[in-house]
Structure formats: structure tokens, C-alpha cells
Amino acid sequence: MNVPLVDLKAQYRSIKPEIQAALDGVLESCAFASGPEVAAFEDEFAAYCQNKHAIAVNSGTSALHLALLAAGIGPGDEVITVPFTFVASVAAIYYVGAMPVYVDIHPLSFTMDTTQIEAAITERTKAIMPVHLYGQTADMAPIMEIARRHKLLVIEDAAQAHGAEYRGRRAGSLADMACFSFYPSKNLGAYGEGGAVVTDNAEFSRKIKMLRDWGTERKYEHQIKGYNYRMEGIQGAVLRVKLRHLPGWNEARRSKAAVYGSLLAGSAVGVPVEMPYARHVYHVYAVRTSGRDALQQILAGKGIQSAIHYPIPVHLQEAYREPHYGEGDFPVSEAAARELLSLPIYPELTREQIEYVCAAIGLPV
Ligand SMILES: Cc1ncc(COP(=O)(O)O)c(C=O)c1O
């Protein structure tokens, strides 16, 4: 048996007629850059996120970049985030000329350890950027409370958390702005690159709309220096189709995670913990073991794909090293980078496949 990490082909087969009709509509209209499908997707995605405005862009990284610019963050400013994330969270902070200040992650949720935030705040701090890693939101109530007390903005990195909930509210509605990625393998993935910023703040929304389209509100009148970060029409049309399926797909991911959880109970690997405040949408299903690399080899030998999200925390990445950070500074992140292994998870994964993966994990490592 072969078990891929994700199976985008199976998903495509399940929605092929709807996708082909949507693509045909864009090809007939020739609205390739932005256009009505993108605008309709923005309305639908904002509503899905229980928020007012969604601004579609060409990647999750662009969404983070523009959210930080709209927040007025720039050289000399600091943004508090975590080192255990995909590098884009941190890269975007450098794009605007600001500095990342890291706090470690919580050992069970793998999201920001909220007890460490206050000690990281300085007079240069402008914002906090929690990352909803693997499909589970950070513990947002203490983050928002600290931010409000210190007059800081909060930007959710929700790139992995479409449809995740925190105490009954959706990711995307939990802070001042939220940034999503529609990279193809995400829970809501485009057929190419895509991203969005979601906010209830009309001024941020207006600024981000200008920034993504060369700083204009009227064609060829450039009020501010902007970018070409528009979403393609085809991606808007595909995302509209897929958004309709997202609730069902997230439910399916949750039920696959439950099957893994029951089969792996009592095994040598630690399974993900759904925090009491969270509704996890399992973008990634990462198990924990000190024998991670050996386990990955055993799985590969049985035709089971796995992945490491992420093997090196950002403060130890060559490109992002700073003299004031080094090995041992964020021990929970560093241990997670050594011990977590992502198993196959996607809505079309079968019970037989999960049983096969769990049987392989039962082998001595
Ligand atoms: C946590 C996180 N932030 C940001 C991004 C960047 O998104 P994109 O790849 O769409 O630029 C990703 C994408 O993988 C991510 O996982």
C-alpha cells in the first residue's frame, strides 16, 4: 500500500465538474487578474471567517507583508512571534524592516506560550503575531488581553488554520488582522498560489487593497508605493468552489485524527492534543517521538510518506540568525523540531490507510 502525505488528485476527482465549470467561466470572461470571481470569493471568505473584510492576494506571505505594512510597522519596530513556524511568518517581519522577537511555544499546543509574552515586550514592540500552527489556534484571550494593555496590534498567522475555532469563534476573527495562505496543500488550497488578509477594520482593508494593486484606488493614480500582489481570477473561482466543501473537509480531517488518536493510544508516539479552547482542523497531524528519524525511515520503507514541519526553528536558520539568539534559547521549539513527525492526513484518507500507518508505527523503532 502507498499512503501519500496529501492526495490532491483524489480531492480534484471529487469536485472535478464544479472546478471545470468554474474555470470555464473565468476563461470565457477573461477576467484573469482579480475580477468578479475574486471579489465574490472575498465576500464569501470574510463571511466564513466571521469578519467584515477579506482582501485576496497572491500568497500567504504577501498577506503577512501587507498586513504588517498596513499596521504601519517598519524599521526600528519589533514584532513578537514564535521561532517554531514556517519561515514566512518571520520573513514578512524582515520585509518591512522590523525585527522579530521570539517567545517559545507551549509544549502541548505548539503555539505561542502566552506566559512568556510580557517579558518580550519593549518600547519598540508594535505587534504580536501568533501562529495557529498545524490547524489549531493559539490561546488568543491572554494574547489579546496583553496586547490591549500594552496598546499593541495582533496579527494572526492563520495560514494553516482555515475554519479552526477558538472558544467558538473562527480563526480570522480573533485579532486586528489575520493572514491566510491558499497554497495548494492547505485545508483550503488554490490551484496555484494565493492568500488573504481578513479584518473588521475598514481602514486596514482599504490600505491593503491599495498596496496589493500598486498603491492605487483609481487606475494610474498612485497615492502610495505598492506592489503587484493581486489574486488571479482563476484562483478566486477555484477557491469559491472549494470553500463550499471546506466545512465537510475539515470535519473529515477531524474524524481521521480521531481514528489515529484511538489507534495510537498507548503506543510509543505522542498524539496531538486538542486544547480545551480549540477546534482543531488538523492541517498537519504531527506525532511526537524521540526516535523520529528512525520512524520516518520505517514508514518510508512501507510506502508511507511523512514530513517534518519544521526541522530547524527560525532562530537557528542560517538566513535568519541574529547575534542575540542561539541554540538553547527556545528549548520547547528546539525539542519539537527534533521530535515531531507529520503523518498523512487529508479528507479522502481511508480507515484502512490509517490502520496501515498505525500498524507500521507499532514496529519497534
Ligand atoms: C504558518 C505559515 N505562515 C505563512 C505561510 C506562507 O504562505 P504562502 O506559502 O502562501 O506564501 C505559510 C505557508 O506555508 C505558513 O504555513
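Whatever order the structure lists them in is the order used to number ligands and atoms, beginning at 1.
Here the options are Lys242, Gln20, Arg244, the test is side-chain contact (heavy atoms from CB on, under 4.5 Å), and the partner is Ile15; only Lys242 passes. Considering Val82, Ile80, Val90 as possible partners of Tyr102, the one that fulfils the side-chain contact (heavy atoms from CB on, under 4.5 Å) test is Val90.
Near ligand 1, residues Ser59, Gly60, Thr61, Leu64, Thr85, Phe86, Ala88, Ser89, Val131, Asp157, Ala159, Gln160, Ser181, Lys186, Gly194, Tyr310 each place a heavy atom inside the 4.0 Å sphere around the ligand atoms.
For Ser173 and Asn51, the side-chain atoms include no donor-acceptor pair closer than 3.5 Å. Between the side chains of His53 and Thr199, no donor-acceptor pair is found at a separation under 3.5 Å. Inspection of the His65 and Tyr229 side chains reveals an N or O donor paired with an N or O acceptor under 3.5 Å.
Cation-pi geometry between Arg170 and Tyr48 is met: the NZ or CZ atom falls under 6.0 Å from the ring centre, inside 45° of the normal.
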